[in-house]
Amino acid sequence: MMARPYCLVVALLLLAEASSHGEGVSNPGFVVRVTRKGLDYARQYGMATLKKEMATINLPDLSGSFKVGWMGSMSYEFKSLRILNFLLRNSDLSLRPGKGVTASLSNNYVSIAGNWKVKKGFITLQGTFDLSVDDVSISISLNVGKDPSGRPTASVDDCSNSVGQVSIHTSGNLSWLLNVFHERIENKLKNILKQEICGIIRQSTTTHLEPYLQTLPVTLMIDKVAGIDYSLVGAPWVTSEGLDTPFKGEFFCQSQCSPVPLDAPPIGLSQEHDRMTYFAVSQYVFNTASQVYYQAGYMNFTIRNEHIPLDFPIQLHTKSLGAVIPQLSRLYPNTELELEMSPEAAPFLKFSPGNVTLIPVMNIQAFALLPNSSDRKPLFHLRARTNISTTISVRSGRVLGSLTPGSKLKLELIHSNINFFNVELLETIFNYYATYLIYPTLNAKLEEGFPLPLPRDTYLNSLELQIHKNFLLIAANID
Ligand SMILES: *[C@@H]1O[C@H](CO)[C@@H](O)[C@H](O)[C@H]1NC(C)=O
Ligand SMILES: *[C@@H]1O[C@H](CO)[C@@H](O)[C@H](O)[C@H]1NC(C)=O
Ligand SMILES: *[C@@H]1O[C@H](CO)[C@@H](O)[C@H](O)[C@H]1NC(C)=O
Ligand SMILES: *[C@@H]1O[C@H](CO)[C@@H](O)[C@H](O)[C@H]1NC(C)=O
Ligand SMILES: *[C@@H]1O[C@H](CO)[C@@H](O)[C@H](O)[C@H]1NC(C)=O
């Protein structure tokens, strides 16, 4: 149970040691902020795990010889040393803006038990001992960066510790003798502890933290068409508020396409800190997605009569539509029609405080399907404008969308092969087609959503969403 949160903690910690921010690259599409609260949460689990790891410190046997007055030289051995308790009492994280994170553990206490033995000629004396070490302090500075694949990396930049008072209590015959070489034993133990403590911390970093960070996805495949690039565009950086990690957050096509370059707008994160983490998802992420799916033809729709529910009064047939465009039934009696709808450009989502607006411009071309022929006759070309209202939500670590018509379609006749007709009469009909045929298709796709970049086994709760200028802000706690 401990391993996961510990890893999280350390990961969060490690996302910390910042080099300078930005390297002059473009704005990130995605920023994850871990607040002090988040770091504190991580620290608690980190301490619990560290405590367990400390108990596994291997203490070697100690042996040597010493001289005592008239008895001359005697040899001693301290064996079967084991840690009974490693009490981590106070821990504190300090954020060093622009630099890194330092964890300080102070006033820690270690108790050790073992056996002692003293030999002189044929005489052997032995007994047990308890030993306690007070005032153990540990200070760990973490360094984070990014590797060439764009994943975060973590390492212990500096680890130092100090050991305070050592006191030994021995039992057995001649235990007084041991007092003679207390100091020697104390110093040996102090040195061993000093080396072992930082060793354990470094080892924990390489065995737990580094592999954990490697579970952060760099690219995620969304479907056959698209993937998302979550590589870091810079090293994580430390502010006085927490730790910010900049991700690229860009959709890409899995097969050929030629994306139109977009610029990611700046993300102005506010100083909120109620939650452990804040995910800022730039409108850039959504707009690169829009580009990819637009180029893949996901926003092109062909509507034929077979798609129109039978109970709808206006079918895509000249018998039916002729009521609105009289010349249609004269020119093409008893003929089915086909509509092709495609956006003029990849629809652009704009995030402004409280709202996400989407104002696509669609081209609609109508054709008559000639009987007994694969030929179709172009009839007219319309341009449609509408305001779409977008709702964004987060579920199971995925960002989902949903579209609802924000206004009626406004039609404009661009070209007609069948003379003039009143487009306003068509608006209600096409509006219906959009509402019942196009929105459900788009929403089914948007309902699949895209995943947030989360390391293994990380779950979000207490979610809150806000729309800010240029970005969506998701506030969450972690468990
Ligand atoms: C010391 O050793 C003697 C005999 O070996 C034993 O009778 C006595 O109980 C021992 N004293 C202590 C304090 O262990
Ligand atoms: C979508 O439709 C438009 C207009 O008919 C066309 O130019 C474009 O190539 C289509 N896109 C795809 C990917 O099929
Ligand atoms: C956001 O949309 C709502 C409803 O469409 C509208 O009333 C409000 O004025 C919009 N807010 C901004 C800042 O545009
Ligand atoms: C078209 O097909 C229908 C039935 O499939 C047939 O009755 C009719 O004769 C055909 N007309 C022409 C011009 O081929
Ligand atoms: C869309 O909304 C904008 C601003 O609210 C408005 O000016 C425009 O007329 C609307 N367009 C349509 C097609 O309703």
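We count residues from 1, following the sequence as given. Atoms within each ligand, like the ligands themselves, are counted from 1 in listed order.
Here the OG atom belonging to Ser342 is positioned 11.5 Å from the CE atom belonging to Met299, to the nearest 0.5 angstrom. For the atom pair Phe279 CZ and Leu452 CG, the distance stands at 5.5 Å (nearest 0.5 Å).
Interface of Gln295 with ligand 2, defined as ligand atoms under 4.0 Å from a residue heavy atom, comprises 13 (C). Numbered from 1 in the order shown, with element, the atoms of ligand 2 that lie under 4.0 Å from a heavy atom of Asn300 read 1 (C), 2 (O), 3 (C), 8 (C), 10 (C), 11 (N), 12 (C), 14 (O).
Under 4.0 Å from ligand 2, not a single heavy atom of Gln365 appears.
Ring-centre distance between Phe380 and Phe421: below the 6.0 Å cut-off.
Under a 4.0 Å N-O distance rule, the pair Glu272/Arg33 does not qualify as a salt bridge.
Note on ring orientation: taking the six-membered ring where Trp is involved, the planes of Phe286 and Phe450 are perpendicular (angle over 60°, cut-offs 30° and 60°).
In terms of protein heavy-atom proximity, atom 5 (O) of ligand 2 is closest to Glu340 OE1, 3.9 Å. Closest protein heavy atom to atom 4 (C) of ligand 2: Ser342 OG, 3.4 Å.
Proximity of atom 2 (O) of ligand 2 to the protein is indicated by at least one non-hydrogen atom lying closer than 4.0 angstrom. Counting only heavy atoms, the protein never gets under 4.0 Å from atom 9 (O) of ligand 2.
The two residues Ser162 and Lys194 make their nearest non-hydrogen contact at CA-CE, 4.1 Å.
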